[in-house]
Amino acid sequence: MKDLSAKTAFVTGAASGIGLGIATALAQAGVKVMLCDIEEAALKTALESLRRTNADVDSVKADVSLKSELQAAADATVARYGKVHILVNNAGVGGGGGYGQWSDASWNWTLGVNLMSVIWGFEIFGPLIEKHAEGGQIVSTASIAGLISGGGSITYNVTKYGVVALSEGLRVSLAPRGIGVSVLCPGFIRTHIMDSGRNLPSRFAGKVESPPGDAPTVEIIKMVRDRVAHGIDPLYVGELVREGIENDWPYIFTDTEFEPAIEARFSAIKQGFDRIRTRKPRR
Ligand SMILES: NC(=O)c1ccc[n+]([C@@H]2O[C@H](COP(=O)([O-])OP(=O)(O)OC[C@H]3O[C@@H](n4cnc5c(N)ncnc54)[C@H](O)[C@@H]3O)[C@@H](O)[C@H]2O)c1
C-alpha cells in the first residue's frame with residue numbers, strides 16, 4: 001500500500017504501548033484510525049491526545065477476546081468511516097504461565113486475546129477489505145517469542161507461534177485477493193505489557209493468578225520486566241510498521257538482538273534433517 005493518505009485503519013490494543021505507537025504513526029501519515037481497546041480511560045486519553053494533532057481518529061471499546069465485541073467494533077468502524085483498508089491485530093497480554101503455573105483460565109485468557117482475536121480479525125475484516133477492491137494490509141503483532149520459545153511463559157509463546165503461523169499461511173491465501181499480510185515480531189519495547197493483569201476480563205477474575213514459579217522462572221520474569229522498562233520507544237515501532245505496510249514486508253522486526261538465537265533454532269532444525277539424511281538402517 002504505497003499511498004496511505006485517506007485510507008482507514010482499525011487498530012486493536014491502541015490505547016497504549018505498541019498499538020498507540022502504530023495508531024500515531026498511521027495518523028501522522030494521513031490515515032483515518034479507529035482505535036480499539038478494552039481499557040476505557042486509556043482509550044479516551046489516547047483519543048484526545050491524537051485529536052490535538054488534527055488526526056482523523058475515533059475510538060471503540062471492545063474486549064477482542066469476545067468475537068461478538070470484535071464484530072460490533074468492526075460494524076462501528078464501517079458506520080463511522082465507510083471502508084477499512086488496514087487491520088492491525090495488536091492487542092495482547094503477557095503471562096499465562098509456564099509448566100506448573102498455567103491453568104485452563106490462563107490458557108483461555110491468553111489464547112483468546114493473543115490468538116483467537118487475530119483469527120477473528122482476519123475472518124471479520126478480510127471480506128470488508130476485499131469488498132471495496134482498493135487493496136489493504138493486515139498486520140498482526142506476534143513477538144520474537146513467536147519464533148523462539150525459551151523458558152518463562154510458554155503459554156504466551158504458544159499464542160505468538162500461532163500468530164506467526166496464521167500470518168505466514170494467510171499471506172499466501174490473501175495475496176491474490178489484494179490483501180498484504182505482515183507479522184510484527186518485536187523485541188523488548190517500553191510498554192505496559194508486564195502489567196497485563198490490569199485488563200483481565202471479569203469472567204477470569206480470581207482464576208489466573210499463577211504461583212510464582214521456580215527460581216529460574218522468577219529470574220526470567222525479573223529480567224524481562226527490566227528489559228521492557230528500558231525497551232525501544234513504541235512510536236519508533238509504529239514508524240517501522242507504517243514502512244512495513246507501505247512496502248508489504250512479510251516480517252517486521254524492531255531490532256537484531258535475537259537474530260543469533262533464531263539462527264541457532266534454524267541450525268537445530270537443520271541438524272534434525274541432517275541426522276535423517278545420514279542415518280543408516282539397523283542390521
Ligand atoms: N512490549 C514488548 O516488549 C512486546 C514484545 C513483543 C510483543 N509484544 C506484543 O505487543 C502487543 C502490544 O502490547 P504492548 O507491549 O504494547 O503492551 P500494552 O499493555 O502497553 O498494550 C496492550 C494493549 O492491549 C489492550 N488489551 C489487552 N487485553 C485486551 C482485550 N481483551 N481486548 C482489547 N484490548 C486489550 C490493553 O488495554 C493495551 O492497551 C501485544 O500483542 C504484545 O504481546 C510486546
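Sequential numbering from 1 along the given sequence is applied to the chain's residues. In listed order, ligands and their atoms are each counted from 1.
Residues W120 and V64 are not in side-chain contact: their nearest non-hydrogen atoms beyond the backbone lie 4.5 Å or more apart. Side chains of W107 and V158 form a contact here, defined as non-hydrogen atoms less than 4.5 Å apart. D195 is listed as a side-chain neighbour of R225, based on a closest heavy-atom distance under 4.5 Å. Two residues are said to be in side-chain contact when any heavy atoms from C-beta on lie closer than 4.5 Å; T141 and P186 meet this criterion.
Here the heavy atom of the protein found nearest to atom 32 (N) of ligand 1 is V64 N, 3.0 Å. Nearest to atom 3 (O) of ligand 1 among the protein's heavy atoms is I189 N, 2.8 Å. In this structure, atom 21 (O) of ligand 1 lies nearest to the protein heavy atom S16 OG, 3.3 Å. Of the protein's non-hydrogen atoms, the one nearest atom 35 (C) of ligand 1 is I38 CG2, 3.5 Å. Closest to atom 13 (O) of ligand 1, if we only count protein heavy atoms, is I193 CD1, 3.8 Å. Scanning the protein heavy atoms around atom 36 (C) of ligand 1, the nearest turns out to be N199 ND2, 3.2 Å. Given atom 24 (O) of ligand 1, the protein heavy atom at minimum distance is G13 CA, 3.4 Å. Given atom 14 (P) of ligand 1, the protein heavy atom at minimum distance is T191 OG1, 3.4 Å.
Results of the side chain to side chain contact (heavy atoms under 4.5 Å, CB included) test with L147 over F266, Y161, F253 single out F253 as the only residue that passes. Between I18 and the choices V241, T254, V237, I232, the side chain to side chain contact (heavy atoms under 4.5 Å, CB included) rule is met once, by V237.
Taking a cut-off of under 4.0 Å to the non-hydrogen atoms of Y156, the atoms of ligand 1 that pass are 6 (C), 7 (C), 8 (N), 9 (C), 42 (C), 43 (O). Which parts of ligand 1 touch E39 is read off a 4.0 Å heavy-atom cut-off, strictly below it: atoms 37 (O). Counting atoms of ligand 1 from 1 in the listed order, those under 4.0 Å from a heavy atom of K160 are 40 (C), 41 (O), 42 (C), 43 (O). Near G187, with a cut-off below 4.0 Å to any heavy atom, the atoms of ligand 1 are 2 (C), 3 (O), 4 (C), 5 (C), 6 (C). Here is the list of ligand 1 atoms found below 4.0 Å of a heavy atom in V93: 27 (C), 28 (N). Near A62, meaning under 4.0 Å from any of its heavy atoms, are these atoms of ligand 1: 32 (N), 33 (C). Proximity to D63 (heavy-atom distance under 4.0 Å) selects the following atoms of ligand 1: 30 (C), 31 (N), 32 (N). Contact atoms of ligand 1 toward F188: 3 (O) (distance under 4.0 Å to a heavy atom of the residue).
Side chains of Y81 and D56: a donor-acceptor N/O pair is present below 3.5 angstrom, by distance only.
When the options G92, G17, A142 are ranked by their closest heavy atom to atom 7 (C) of ligand 1, first place goes to A142. The closest heavy-atom contact to atom 11 (C) of ligand 1, among the options L43, I18, N90, comes from N90.
Among all heavy-atom pairs drawn from V118 and V163, the shortest one is CG2-CG2, 4.1 Å.
Ligand 1 does not have G94 within reach: every non-hydrogen atom of the residue lies 4.0 Å or more from it. Note on ligand 1: D37 sits in its first shell, one or more heavy atoms being nearer than 4.0 Å. Note on ligand 1: R198 sits in its first shell, one or more heavy atoms being nearer than 4.0 Å.
Looking at V113 next to ligand 1, no N or O pair under 3.5 Å apart turns up. At a 3.5 angstrom cut-off on N or O pairs, S143 does not count as close to ligand 1. Between S196 and ligand 1, no N or O atom pair is found at a separation short of 3.5 Å. Not a single N or O atom of V228, backbone or side chain, sits closer than 3.5 Å to an N or O atom of ligand 1.
In this structure, the side chain of S59 does not engage the main chain of L35 through any donor-acceptor pair within 3.5 Å.
Note: K32 NZ to T77 OG1 = 12.5 Å, rounded to the nearest 0.5 Å.
Within a 6.0 Å radius of CZ in R177, other residues, nucleotides and ligands contribute 12 heavy atoms or fewer.
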Would you check, one step at a time, whether the test side chain to side chain donor-acceptor pair (under 3.5 Å) holds for T53 with Q28? CA-CA 8 Å; T53 66; Q28 283 170 357; 5.9 Å; no

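The residues D37 and K44 are annotated as not salt-bridged, no charged nitrogen and carboxylate oxygen being separated by less than 4.0 angstrom. We find that D58 and R51 are joined by a salt bridge, their nearest charged nitrogen and carboxylate oxygen being less than 4.0 Å apart.
Note: W102 and Y99 have perpendicular aromatic rings, judged against thresholds of 30 and 60 degrees for the angle between ring planes.
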